[in-house]
Asks: 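Sharing a structure with you now.
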Number of protein chains: 2
Amino acid sequence: MNVNFNNRDPVYLQIVRYFKEKIAIGELEPGEEIPSRRELANQMKVNPNTAQRAYKEMEEQGLIYTEKNHPSKITTDQNILGQVRNELLVEAVDVFVTSVRSINVPVEELLDLVRVKYTANDDKEA
Amino acid sequence: MNVNFNNRDPVYLQIVRYFKEKIAIGELEPGEEIPSRRELANQMKVNPNTAQRAYKEMEEQGLIYTEKNHPSKITTDQNILGQVRNELLVEAVDVFVTSVRSINVPVEELLDLVRVKYTANDDKEA
DNA sequence: ATAGGTGTATTATATGATTAATACACAATA
DNA sequence: TATTGTGTATTAATCATATAATACACCTAT
């Protein structure tokens with residue numbers, strides 16, 4: 001469980017993001033139990049309250065659910081789970097396009113840049 | 001001079017960004033005078049110190065230069081000016097690819113999403 | 001029953017970044 | 001010369017975030 005926190009975004013949101021990524025790629029399955037607040041705080045070297053805040057956020061978004069005295073679990077709602085990947089994607093594309101539109105770049109140049117950068121490290125994973 | 005500030009990023013950096021965009025698309029030319037700190041602060045409804053900090057940042061990056069008792073001017077260094085567009089582009093692509101890589105998206109799906117989103121509002125500008 | 005593990009809630013403190021409030025030196029000009 | 005407009009510097013205040021310190025209710029298993 002290695003997360004690279006940046007200093008800009010709130011840690012608790014980065015934790016939420018971390019779980020969303022795991023969900024998006026199917027590494028976390030419906031109903032699967034996740035670490036308790038205190039345990040996660042230990043693993044991530046973070047204050048328990050920060051972990052709690054992250055989980056609270058996830059609970060409000062319907063990503064996890066909690067039964068009395070048990071660590072939270074990933075939701076079984078396929079509807080929500082299915083949307084996570086798309087949400088992350090759309091959001092990223094949105095931010096990107098917005099930030100780049102003000103520069104008036106030809107589409108093809110833009111797509112080339114993305115393709116090159118994105119496929120640059122394919123040898124590592126292949 | 002309408003800038004839409006977001007709440008996440010420091011205002012002074014958003015101002016720097018604003019000028020970089022203008023430079024990137026050639027709307028600000030070499031040697032061109034830009035508003036004084038106080039004037040900019042007025043226009044953007046921002047504290048003069050925030051304007052000052054933005055200008056200081058730009059000065060350190062070599063984007064502008066300042067002569068005694070005169071408003072700063074855009075650098076005439078074509079080298080620096082030429083890099084601005086590329087810097088903005090590369091940075092945006094970098095952030096995008098990084099944020100999206102953890103989701104394992106096929107390249108073509110990704111490029112399609114970008115293309116669609118990017119060309120969506122072409123009718124507005126055409 | 002008691003010790004330890006859950007989640008949850010409240011309050012206080014620390015910290016760092018950002019913004020704000022002032023003040024200063026200088027030059028031009030009315 | 002006195003006012004106004006430059007850039008610059010220093011210090012204070014603000015704000016969001018993160019952390020910390022506790023406390024509580026609940027359950028399980030020793």
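We name chains A, B, ... by the order of the sequence lines, and we start the count at 1 in each one.
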Asks: Can you see if the side chain of A/Asn47 gets near the phosphate of D/dA20 - specifically, an N or O under 4.0 Å from OP1 or OP2?
Replies: yes
Asks: If you take atom types as modelled and just measure distance, does the side chain of B/Asn49 reach the base of D/dA9 with a donor-acceptor pair under 3.5 Å?
Replies: yes
Asks: Without decimals, in angstroms, what is the distance between B/Glu33 CD and D/dT6 C1'?
Replies: 10 Å
Asks: Rounded to whole angstrom units, what separation is found between the CD atom of A/Glu39 and the P atom of C/dG7?
Replies: 9 Å
Asks: Would you call A/Arg17 and A/Glu21 a salt bridge, using N to O less than 4.0 angstrom?
Replies: yes
Asks: Between atom CE in A/Met44 and atom P in D/dT19, what is the gap in whole Å?
Replies: 12 Å
Asks: Between C/dA23, D/dG5, C/dT8, spot the one nearest the side chain of B/Arg38, thanks.
Replies: C/dA23
Asks: Can you see if the side chain of A/Tyr12 gets near the phosphate of D/dT17 - specifically, an N or O under 4.0 Å from OP1 or OP2?
Replies: no
Asks: Show me the pairs that pass ring-ring contact (aromatic ring centres under 6.0 Å, His included) and involve residues 55-110 of chain B, at least two apart or across chains.
Replies: A/Phe96-B/Phe96, B/Phe19-B/Tyr55
Asks: Tell me yes or no: between the side chains of A/Asn49 and A/Asn47, is some donor less than 3.5 Å from an acceptor?
Replies: yes
Asks: Figure out the CD/C1' separation between A/Glu67 and D/dA25, and round it to whole Å.
Replies: 17 Å
Asks: Would you kindly check whether a donor in the side chain of B/Asn69 faces an acceptor in the base of C/dA28, or vice versa, at under 3.5 angstrom?
Replies: no
Asks: So does B/Arg53 get a side-chain nitrogen or oxygen closer than 4.0 Å to the phosphate oxygens (OP1/OP2) of C/dT18?
Replies: yes
Asks: For the side chain of A/Pro71, counting heavy atoms from C-beta on, which of C/dG7, D/dA18, C/dA23 is nearest?
Replies: C/dG7
Asks: Looking only at side-chain N and O atoms, does A/Thr50 come under 4.0 Å of OP1 or OP2 in D/dT19?
Replies: yes
Asks: Could you tell me how far apart A/Asp9 (CG) and C/dA17 (P) are, to the nearest whole angstrom?
Replies: 15 Å
Asks: Would one find a side-chain N or O of A/Ser36 under 4.0 angstrom from OP1 or OP2 of C/dT6?
Replies: yes
Asks: Which residues within residues 55-65 of chain B lie with some heavy atom under 4.0 Å of an atom in DNA chain C?
Replies: none
Asks: Is B/Arg37 near enough to D/dT8 that one of its side-chain N or O atoms lies under 4.0 angstrom from OP1 or OP2?
Replies: yes
Asks: Rounded to whole Å, please give me the gap between NZ in A/Lys68 and C1' in C/dT8.
Replies: 9 Å
